[in-house]
Amino acid sequence: QLQLVESGGGLVQPGGSLRLSCAASGATLDNYAIGWFRQAPGKEREGVSCISRSGVTTNSVNGRFTISRDNAKNTVYLQMNSLRPEDTAIYYCAADRIFARSTCILTTSRYESWGQGTQVTVSS
């Protein structure tokens with residue numbers, strides 16, 4: 001079965017950058033659309049960006065965050081630039097429930113194989 005592990009979070013100053021990694025095992029990540037989501041304390045889980053074979057879908061962080069994949073490493077990344085305090089959250093990656101879906105949308109019910117998350121804190 002597909003297993004995902006997030007890493008790369010930490011504490012950064014406003015305006016700083018982080019690169020999050022979503023490493024897969026048990027299956028080939030290229031066969032799945034992958035989404036990044038985040039959840040702040042007391043808030044609902046929010047879609048950030050997703051990537052499929054044909055393209056990407058990104059929410060309002062578009063222009064600051066960039067999703068990419070390295071098939072050789074079986075890993076999806078989220079490059080986070082110009083970080084703001086409101087970006088503080090636990091960040092999760094997950095795989096689309098439908099094998100090899102050609103497009104992706106940021107609807108949580110579409111996803112499975114959620115990782116454990118990685119904490120991102122943006123504070124001065």
Side-chain angles (χ1 to χ4, degrees):
Q1 72 283 1
L2 177 64
Q3 296 177 321
L4 303 176
V5 178
E6 302 94 336
S7 63
L11 173 64
V12 297
Q13 299 288 324
S17 297
L18 287 171
R19 189 181 72 165
L20 306 184
S21 297
C22 176
S25 62
T28 300
L29 199 57
D30 186 50
N31 290 329
Y32 298 88
I34 301 295
W36 281 100
F37 298 79
R38 65 186 182 185
Q39 189 164 22
K43 305 295 184 182
E44 70 278 4
R45 190 165 295 187
E46 174 190 24
V48 177
S49 187
C50 57
I51 185 167
S52 67
R53 288 178 174 176
S54 61
V56 304
T57 298
T58 306
N59 72 359
S60 60
V61 305
N62 189 34
R64 299 190 297 117
F65 295 3
T66 303
I67 193 169
S68 63
R69 70 199 312 154
D70 186 335
N71 291 329
K73 296 183 178 180
N74 214 25
T75 299
V76 169
Y77 302 98
L78 185 68
Q79 178 66 48
M80 309 166 67
N81 298 323
S82 302
L83 285 162
R84 305 168 181 172
E86 56 262 41
D87 296 320
T88 296
I90 301 175
Y91 283 72
Y92 301 88
C93 63
D96 197 297
R97 297 175 61 248
I98 303 300
F99 180 81
R101 194 192 298 270
S102 61
T103 61
C104 65
I105 61 173
L106 292 164
T107 301
T108 56
S109 62
R110 284 202 174 196
Y111 292 85
E112 62 182 3
S113 301
W114 296 86
Q116 293 299 303
T118 185
Q119 176 72 49
V120 172
T121 303
V122 185
S123 177
S124 60

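Just so it is clear, the structure is predicted and the values come from calculations on it, not from any experiment.
Within the 4.5 Å cutoff, the side chain of Thr121 has no heavy atoms near those of the Val12 side chain. The shortest side-chain heavy-atom distance between Tyr77 and Leu20 does not fall under the 4.5 Å cut-off. Counting heavy atoms from C-beta outward, Arg110 and Ile105 have side chains that approach closer than 4.5 Å. At a threshold of 4.5 Å between non-hydrogen side-chain atoms, the residues Met80 and Val120 count as touching. Using a 4.5 Å heavy-atom cutoff, the side chains of Cys22 and Trp36 are in contact. In this structure, Gln119 and Leu11 have side chains that are not in contact, with every pair of non-hydrogen atoms separated by 4.5 Å or more.
Taking all atoms of both residues into account, the shortest heavy-atom contact from Ala27 to Ala24 is O-CB, 4.5 Å. Heavy-atom minimum distance, Ala33 versus Arg101: CB-O, 4.2 Å.
Side-chain atoms of Ser113 do not come within 3.5 Å of backbone N or O of Gln3 as any donor-acceptor pair. For Ser49 (side chain) and Thr57 (main-chain N/O), a donor-acceptor pair under 3.5 Å exists by modelled atom type. A donor-acceptor pair is defined here as one N or O able to donate and one able to accept, closer than 3.5 Å; such a pair exists between the side chain of Glu6 and the backbone of Gln116.
Grouped with Phe37 in one hydrophobic cluster are Ile90, Tyr92, Leu106, Tyr111, Trp114, the linkage being side-chain heavy-atom contacts under 4.5 Å among Ile, Leu, Val, Met, Phe, Trp and Tyr residues.
By the criterion of side-chain heavy atoms lying less than 4.5 angstrom apart, applied directly or through intervening Ile, Leu, Val, Met, Phe, Trp or Tyr residues, Val5 is not grouped with Leu2; the two fall into different hydrophobic clusters.
Summarising the geometry, atom OG belonging to Ser17 is positioned 6.0 Å from atom CD belonging to Gln79; distances are rounded to the nearest 0.5 Å. Residue Glu112 holds its CD atom at 6.0 Å from CZ of Arg97, rounded to the nearest 0.5 Å. Rounding to the nearest 0.5 angstrom, the gap separating the CD1 atom in Ile34 from the OG1 atom in Thr75 is 10.5 Å. Here Tyr91 contributes atom OH and Ser7 contributes atom OG; the two are 15.0 Å apart, rounded to the nearest 0.5 Å. Interatomic distance, Leu78 CG to Thr118 OG1, rounded to the nearest 0.5 Å: 11.0 Å. The line from CG of Asp96 to SG of Cys50 is 8.0 Å long, rounded to the nearest 0.5 Å.
Among Asp87, Asn81, Thr58, the one residue that satisfies the side-chain hydrogen bond (donor to acceptor under 3.5 Å, both in side chains) test with Arg64 is Asp87. For the side chain to side chain contact (heavy atoms under 4.5 Å, CB included) criterion with Val76, the lone passing option out of Asp30, Ile51, Leu4 is Ile51.
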Quiz item: What's the verdict on side chain to side chain donor-acceptor pair (under 3.5 Å) for Arg53 and Asn31, showing C-alpha distance, side-chain angles and the deciding distance?
Solution: CA-CA 8 Å; Arg53 288 178 174 176; Asn31 290 329; 2.7 Å; yes
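The local environment of CD in Gln1 is sparse, with at most 12 non-hydrogen atoms from other residues, nucleotides or ligands closer than 6.0 Å.
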